[in-house]
Visitor: 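This is the structure, below, for whatever I ask next.
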Amino acid sequence: MKELPKTYSPEEHEDLIYQMWEESGFFNPDVCVEKGVTEEDAQPFSITLPPPNATGTLHIGHSVMLAVEDLLIRYHRMRGERTLWLPGTDHAALATQEKVERILWDTEQKTRHDLGRESFLKRVDEFVDESRNTMRRQMRKMGSSLDWSREAFTLDADRNLAVRTAFKKMFDEGIIYRGDRIVNWDPKMQTTVSDDEIEWKEETVPFYYFQYGPFVIGTSRPETKFGDKYVVVHPDDERYAKYHDGQKFEAEWINGTITAILIKDPIIDMSFGSGAMTITPWHDPTDFDIAERHHLDKEQIIDYDGHLLNIAGSAFKGLTILEARRKIVEKLREKGLLVKTEDNYIHNVAINSRGGGTIEPQIKRQWFINVNKEFDRDGTQTSLKKLMQEAVREKGIEFVPKRFEKTYFHWIDNLRDWCISRQIWYGHQIPVYYCQNSKQQTTGDTPCQKPIVSIEGLHKCPHCGGKIEQDPDTLDTWFSAGLWTFSTLGWPDQTINLKTFHPTSVMETGYDILFFWVARMILMSTYLLDEVPFKTVYLHGLVRDEQGRKMSKSLGNVLDPLDIIPKYGTDAIRLSLLIGSTPGNDVRLGEEKIASYRNFTNKLWNIARFALQNKSQITNDTFQITSDSGRWILSQMALLIDEVTHDLDKYQFSQAGEKLRDFTWNTFADWYLEISKFEENKKETNNILMFVLEDLLKLWHPFMPFVTETIWQEITNSTEKTPRMLMIEKWPALKKYQDVLSASDKDTADFSTILQIVQAIRNLRSANRIEPKNKLPAILTISKESKSLLGSLEKNKHLILKLRTNLSELEIQTTEKIPENCLSQAVTANISVFIPRGSTIDIEQEHERLVKEETNIKKLIQSTTDLLSNPGYRNNAPAHIVQKTEKLLIGYQKKLTEVQKHLHSIV
RNA sequence: GCGCGAUUAGCUCAGUUGGUUAGAGCAUCUCGUUUACACCGAGAGGGUCGUAGGUUCGAGUCCUACAUCGCGCACCA
């Protein structure tokens, strides 16, 4: 058999291993059933991959997503479930168009209008194709066991059918409507943007007070004031009590005298400014609402490019917002209407999170989803908001961590109608047609005059046969993303895929897109399918740099997975993202951390290397255990399997990983592997090594698939004719361990005592600086009542002698007599270890050490005695806790006696 | 303004129904090359769990207030 290299080199194995997995077809649950890996009636487990934006490449944030989801998928696949992980990409309409437009401008100094809609979209498609290829490669590099045969794209033909079907149903039920409402307009990208896509940026600007008839009004935006003819005050404001609602008055204003009207509305904050404000309903959502309530006129002041309209008068029209602001203030100052200016007014400016354009609210005719409209569902009235609330409150969608439920409900409470139409070119075109025979595209009386919504593309008017035009707008990218869990499974067709895998099991994504996406999937799925899109929402945190800063291109602290994989291997990156982080909390990631997990993969490699070197010819699945150490490691392993399984079921990946690492490195490598070197029954220990290692590889596989599969291949290649794949092995079963362990009747308490004795000896040597070369004899004493230990100690004497204790001999005594002239340590209440002290030993130091120990134990005895003599404790604490404490106290007392005896003996 | 989170060893973080002496990794100190691994091994040091109250026999854990930092939402004339 060839020997493994000393160091594991990920780059030599990872691509080959992935290729082997992919070629096997087992990423596809259907193949697993066909080939008998999964039972046909096995419980399904499904995750739809949150589709990354088709704007370029994956970053380390995507790596968290892939690591967590692949862990879940591999775990459930090994549990024998019918497991599907469905990949895809999001066309990310606005973000992608913006990116391609920028590239177009940078390389050719052309705008999309220079190219025209058709050839611009062709450019976008080319760009997207390339991005998707890059991302597919990256996902494979991360080891993702995605079913590539089902790959989807939010803008392909199947998803377009789903989008049109959804749109039509919502339109027919009156949930989608077209209306002239105030929207967020981005003059830079020439499109509307939804509320959630806005970022608020703090800005310090001057705040002006102007005389407006008898009122003083405050504003930071004088340039919108041309059309203002309403002053609004609070109905309870005593300063304005003498005016009545609807009262007209004259005011000298920018371009002469105007007639204005007073309005009273409780929305006004009396303590802000002068308590009086003028309103601009066309360019402010709050003002729009006031105007709607009081049926006031609305006038457009600013055009869609951000310039003033004719209403501003000849001196101002055509100016940009900032130019106009300065000039208007100047003019009002000249007219003596500027009362005062506050210079350090802080307010928030709305920015489009894609592209950075400053949002100008505008009234526009757009398509909306009405989230409050009541409709009939199985005989009861409901609304989208209600459906979204019920999905979590009653239908049991579970959030991990739970606190995000509150955030979710809070968001729904504040939710307004969702504007779904965009004026960009890239995306699903709105499936609405207008007959050219009707002069205006408005709602009229004849069928031709109404918008026609059609699932199929239309070429002529179905009513009059006239020419037809499609709505030029496209849909908000989150509309199609909202359908993702079921559009990917074949909806609107009632496919077997849909029936089998929907609702999906888990939605795993970053908490930052809870509103954008998670909430909208719940909306769409509950409305269109009458079922939840997923049973559990697992939200991971954001990846930050070592200093806790958000990773960003401008800071230059972005970690690209493709840069670090060659250096440390994919497994190390996955581990550093999975261990030490908890759901919903951000992770700090630095190279140091990744390096430490790289070391761990190498450790596992070397454990396997050792086990393979010692591998006996035959490994039986059942074997007799005769050694105490064997019973011990198997029972430890059984415990580990139980706990890790439990942790994974509860989404406690970090805890599971830590337990695995602790077992692998400390229990298995540092203890059992060393023990195995000295156990006499080589065949038995080698069998146990392999037995534990194989199951350990299975437990680790979901965390670090590459190194575990690589080792697995080495193992199976060396023994079996048809190599198996770890990826489709069954998760370790506890029963195997119980069977082996119950074949022998001993418990394993004795063996952990052996380990404690070894540690005590090492500790004694180290504390007294006894040279390692200096071989010494030692004496163990056991109190009379623990004679039962004697056999076990005798049996494992050879281990105590050899496990880095460097003893020449070991004498075991049952007497209570303390050996003279020795260094000593109490191991347990009943066992002490003694080493003859040579001339070089510092007695004072040893005395000090024992006194310190004595004080510690005394303190413990004191607190335990106090606790036990407290009647409240005895009456209230559960019996088993009290019993435990009592046992503890007895142990402490015995240990104290031991330590005191030792103290006397060295005087 | 409302809400959420964080505050535990030098650093990064675990600590899930309240119950021994609060854990890990990294870093630090001492020692070490033996059937895998120096990307290693042995041993050690290091914390009044942000502050102040409260509930309880018992609080890192539950409650209240406060402080500092971070995030979300709303308002923003």
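No experiment lies behind these values; they were computed from the predicted model shown. A, B, ... follow the sequence lines: proteins, then strands. Residue 1 opens every chain.
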Visitor: Step through it carefully: locate the ring centre of A/His13, locate the ring centre of A/Tyr8, and say whether they are under 6.0 Å apart.
Guide: yes

Visitor: To check you understand the geometry: which heavy-atom pair defines the closest contact between A/Ser654 and A/Ser581, and what is its length?
Guide: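 Closest pair (atom of A/Ser654, atom of A/Ser581, distance): CB-O, 3.3 Å.
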
Visitor: Rounded to the nearest angstrom, tell me the gap between atom CE in A/Met277 and atom P in B/C75.
Guide: 12 Å

Visitor: Using a 4.0 Å heavy-atom cut-off, does A/Arg661 contact any base of the nucleic acid, only the sugar-phosphate backbone, or nothing at all?
Guide: sugar-phosphate

Visitor: Rounded to the Å, how far apart are A/Asn585 CG and B/U7 C1'?
Guide: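 Answer to the nearest Å: 13 Å.
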
Visitor: Counting any heavy atom closer than 4.0 Å, what does A/Gly580 reach on the DNA or RNA strands: base, sugar-phosphate only, or nothing?
Guide: sugar-phosphate

Visitor: Provide, to the nearest angstrom, the distance between the CD atom belonging to A/Glu674 and the P atom belonging to B/A36.
Guide: 8 Å

Visitor: Below 4.5 Å, heavy atoms only, C-beta onward: do A/Asp289 and A/Ile267 meet side chain to side chain?
Guide: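 A side-chain contact under 4.5 Å is absent here.
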
Visitor: Does A/Gln655 reach a base, just sugar-phosphate, or nothing at all? Heavy atoms under 4.0 Å.
Guide: base

Visitor: In terms of heavy-atom contacts, does CZ of A/Arg293 have more than 12 from other residues, nucleotides or ligands at under 6.0 Å?
Guide: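 More than 12 within 6.0 Å, yes.
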
Visitor: Given that both distances must come in under 3.5 Å, which nucleotide forms a Watson-Crick or G-U wobble pair with B/G43?
Guide: B/C29

Visitor: Over how many whole Å does the gap from A/Lys775 atom NZ to B/U34 atom C1' extend?
Guide: 11 Å

Visitor: Report which part of the nucleic acid A/Ser676 touches: base, sugar-phosphate, or nothing (heavy-atom distance under 4.0 Å, all strands).
Guide: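 Nothing, no nucleic acid heavy atom in range.
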
Visitor: Tell me: CD1 of A/Ile861 to P of B/U21, nearest whole Å?
Guide: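 Rounding to the nearest Å, CD1 of A/Ile861 and P of B/U21 are 13 Å apart.
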
Visitor: Output yes when at least one side-chain N/O atom of A/Lys406 is less than 4.0 Å from OP1 or OP2 of B/C4, else no.
Guide: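 For B/C4, OP1/OP2 do have a side-chain N/O of A/Lys406 under 4.0 Å.
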
Visitor: Quick one: is B/U20 close enough that its OP1 or OP2 comes under 4.0 Å of any side-chain N or O from A/Lys884?
Guide: no

Visitor: Is A/Arg403 near enough to B/C4 that one of its side-chain N or O atoms lies under 4.0 angstrom from OP1 or OP2?
Guide: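 Checking B/C4 against A/Arg403, no side-chain N or O comes under 4.0 Å of OP1 or OP2.
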
Visitor: What's the gap between B/U34 and B/A42 when it is taken at their C1' atoms, as a whole Å value?
Guide: 12 Å

Visitor: Could you please name the partner base of B/G58, counting Watson-Crick and G-U wobble pairs only when both distances are under 3.5 Å?
Guide: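 Answer to the pairing question: none, since B/G58 forms no Watson-Crick or G-U pair.
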
Visitor: For every nucleotide of nucleotides 39-47 of chain B, 5' to 3': is a protein heavy atom under 4.0 Å from its base (B), only from its sugar-phosphate (S), or from neither (-)?
Guide: BSSSSS---

Visitor: Would one find a side-chain N or O of A/Thr407 under 4.0 angstrom from OP1 or OP2 of B/C73?
Guide: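 Answer is no, no contact under 4.0 Å.
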
Visitor: Both distances under 3.5 Å, Watson-Crick or G-U wobble: report the partner of B/A24, or none.
Guide: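 Pairing partner: B/U12.
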
Visitor: Does the side chain of A/Asn870 get closer than 4.0 angstrom to OP1 or OP2 of B/C57 through an N or O atom?
Guide: no

Visitor: Only one of A/Lys550, A/His540, A/Arg544 clears side chain to side chain donor-acceptor pair (under 3.5 Å) with A/Asp586; which?
Guide: A/Arg544

Visitor: CD of A/Glu546 versus P of B/C26: gap in Å, rounded?
Guide: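 Checked: the CD to P distance equals 15 Å.
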
Visitor: Angle class for the A/Phe207/A/Tyr209 ring planes (parallel below 30°, perpendicular above 60°, tilted otherwise)?
Guide: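 Judged by the thresholds at 30° and 60°, the geometry between A/Phe207 and A/Tyr209 is perpendicular.
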
Visitor: Could you tell me whether the side chain of A/Asn414 has a donor or acceptor atom within less than 3.5 Å of a complementary atom in the base of B/C73?
Guide: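 There is none.
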
Visitor: What is the distance, to the nearest angstrom, from the CD1 atom on A/Ile675 to the C1' atom on B/U34?
Guide: 16 Å

Visitor: Are A/Glu591 and A/Lys567 close enough for a salt bridge, meaning some N to O gap below 4.0 Å?
Guide: yes

Visitor: Can you measure A/Asn606 atom CG to B/A36 atom C1' for me and round it to whole angstrom units?
Guide: 5 Å

Visitor: Under a 3.5 Å cut-off for both distances, is B/A38 Watson-Crick or wobble paired, and to whom?
Guide: none

Visitor: Could you identify the nucleotide paired to B/G5, looking across every strand shown and requiring Watson-Crick or G-U wobble geometry with both distances under 3.5 Å?
Guide: B/C69

Visitor: Go nucleotide by nucleotide along RNA chain B from the 5' end; which of A/Asp196 and A/Thr278 gets its closest nucleotide reached first?
Guide: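 So the residue in question is A/Asp196.
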
Visitor: Whether A/Arg874 contacts B/C57 is assessed here as follows: a side-chain N or O lying under 4.0 Å from the phosphate OP1 or OP2. Is that the case?
Guide: no

Visitor: So, A/Asp228 and A/Lys225, do they make that salt bridge, N to O below 4.0 Å?
Guide: yes

